[in-house]
Q: 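Here it is: the structure, laid out below.
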Amino acid sequence: MPELPEVETVCRGLSNTILGRKITFADNLRPNLRIPFPENFGAVLKNKTIKNISRRAKYILITLDDGTIIIAHLGMSGKMVVFPNFQNDRQKHDHAIFQLDDGKELIFNDPRRFGLITFSDTANINKHKLIVNLGIEPLESGFDGKFLFKKFKNKNTPIKTAIMDASLVVGVGNIYACEALFRSAIAPTAKSGEISAAKCNELAGNIKNVLFEAIESGGSTLRDYVGSSGKSGYFQHRFKVYGREGESCVSCQNPIKRLKQSGRSSFYCANCQK
DNA sequence: CGGCGGTCCTGTCAGC
DNA sequence: TGCTGACAGGACCGCC
């Protein structure tokens, strides 16, 4: 999936292309993704105008002129792509379509169906089940070394698992967790409670930097991620450890290793990261 | 409550 | 060529 930089790239792309447009027709092409589509999906959206597009964690929030908010998540394999014309043929795994008053069409496609689309509204969005327990945004100023040091106190959880915990900090997925730990020279298995205040500062800074740089590069494309314009990202060419098992460390030339933590692959340099 | 494993689903790739 | 198993960007849920 898209991690935070990819979702941010999609949001920016959508803002540039569909903001202010009216939805003339919308439909879900199957009853559910990870959760069921809302009842009356098309009827609720018809003739509503798109007033705002934002992001909270990896959720895309599309606010309409009546206060309805479309909550969309791309899961592991989801895409939201704007086409210049209404499409005659539906592609495999197209699950929802939004036709706009300027003739463009927004399509939600998700092979693995780990994504979701549901509704909330401006009065209730912060209380929404999917939103209410989310932790701090990593690119906001409140996310810093002090914050991490405080949260990590007395925690036995491996640092990699901790920074991927969305109730602590959102949007740090497997790729950027690995990359930020490498930049900080911290082993993914290090106990979070044993990370010094100085190292927490370094780590918070590197999480921000790696996310910023990835957003600047239009995200990372592994298999088939594309932004809302259908373009690939470029940050994957700058991975130092992710997906590089057996290749040499860019810093010390020792081979990059891989291990499983909470069911996810962690890539790291055992020599550089302690 | 914290932490971990299983699970949802399809697609791709390596190995035999 | 075709089968099988491992693995993939996420995150919820339930179990200890």
Q: Taking 5' to 3' order, which nucleotide of DNA chain B is first and which is last to have an atom within less than 4.0 Å of a heavy atom in chain A?
A: B:dG3 to B:dG11
Q: Rounded to whole angstroms, how far apart are CG on A:Leu4 and P on C:dA11?
A: 10 Å
Q: Please report, rounded to the nearest Å, how far the C1' atom of C:dA11 is from the NZ atom of A:Lys129.
A: 11 Å
Q: Does the pair A:Asp110 and A:Ser77 meet the rule for a side-chain hydrogen bond (donor to acceptor under 3.5 Å, both in side chains), with working shown?
A: CA-CA 5 Å; A:Asp110 182 8; A:Ser77 55; 2.6 Å; yes
Q: Which residues pass the ring-ring contact (aromatic ring centres under 6.0 Å, His included) test with A:Phe98, not counting sequence neighbours?
A: A:Phe41
Q: Members other than A:Val226 in its cluster, when Ile, Leu, Val, Met, Phe, Trp, Tyr link by side-chain heavy atoms under 4.5 Å?
A: A:Phe25, A:Leu29, A:Val81, A:Phe83, A:Ile97, A:Ile107
Q: Select base, sugar-phosphate, or nothing to describe what A:Tyr176 touches, counting heavy atoms under 4.0 Å on all strands.
A: nothing
Q: Would you call A:Glu105-A:Arg90 a salt bridge at under 4.0 Å N-O?
A: yes
Q: Between A:Asn133 (CG) and C:dA11 (C1'), how many Å, whole number?
A: 13 Å
Q: Here's a test of your reading of the structure: between A:Thr157 and A:Phe114, which maps to the more 5' nucleotide of DNA chain B?
A: A:Thr157
Q: Between atom CG in A:Asn174 and atom C1' in C:dA8, what is the gap in whole Å?
A: 10 Å
Q: Can you run through DNA chain B from 5' to 3' and write each base as (, ), [, ], | or . depending on how it pairs? Watson-Crick or G-U wobble, both distances under 3.5 Å.
A: .|||||||.|||||||
Q: Any N or O donor-acceptor pair linking the side chain of A:Arg112 to the base of C:dA8 at under 3.5 Å?
A: yes
Q: If you look at every strand shown and take non-hydrogen atoms under 4.0 Å, does A:Asp110 touch a base, only sugar-phosphate, or nothing?
A: nothing
Q: Which ILVMFWY residues are connected to A:Leu134, directly or by a chain of links, through side-chain heavy atoms under 4.5 Å apart?
A: A:Ile35, A:Tyr59, A:Leu61, A:Ile69, A:Ile71, A:Leu116, A:Ile125, A:Leu130, A:Ile131, A:Val170
Q: Which is true for A:Phe235 with a 4.0 Å heavy-atom rule: it touches a base, it touches only sugar-phosphate, or it touches nothing?
A: nothing
Q: More than 12 heavy atoms of other residues, nucleotides or ligands under 6.0 Å from CD of A:Glu39: is that the case?
A: no
Q: Quick check against the 3.5 Å criterion: does A:Lys191 have a side-chain atom that pairs as donor or acceptor with the backbone of A:Thr157?
A: no
Q: Does a nitrogen or oxygen in the side chain of A:Arg264 sit under 4.0 Å from OP1 or OP2 of C:dG10?
A: yes
Q: With sugar-phosphate meaning primed atoms plus P, OP1 and OP2, does A:Thr221 contact a base, only sugar-phosphate, or nothing at under 4.0 Å between heavy atoms?
A: base
Q: Output the rounded distance in Å from CD1 (A:Ile163) to P (C:dG10).
A: 12 Å
Q: Between A:Arg56 and A:Glu137, does any NZ, NE, NH1 or NH2 come within less than 4.0 Å of an OD or OE carboxylate oxygen?
A: yes
Q: In whole Å, I'd like the distance from the NZ atom of A:Lys260 to the P atom of C:dA6.
A: 10 Å
Q: Whether the A:Thr221 and A:Gln236 side chains hold a donor-acceptor pair (N or O, under 3.5 Å, no angle test) is what I'd like checked.
A: no
Q: Expressed as a whole number of angstroms, how long is the span from A:Gln261:CD to C:dG10:C1'?
A: 17 Å
Q: So, is A:Arg258 near the phosphate of C:dA8, with a side-chain N or O under 4.0 Å from OP1 or OP2?
A: yes
Q: Using the ring-ring contact (aromatic ring centres under 6.0 Å, His included) criterion, which residues pair with A:Phe108? Sequence neighbours excluded.
A: none
Q: Write down the distance between CD (A:Glu245) and C1' (C:dC7), rounded to a whole number of angstrom.
A: 12 Å
Q: Assign A:Gly263 to base, sugar-phosphate, or nothing according to its heavy-atom contacts below 4.0 angstrom with the strands shown.
A: nothing
Q: Give one of base, sugar-phosphate or nothing for A:Ser265, where a contact means two heavy atoms less than 4.0 Å apart.
A: sugar-phosphate
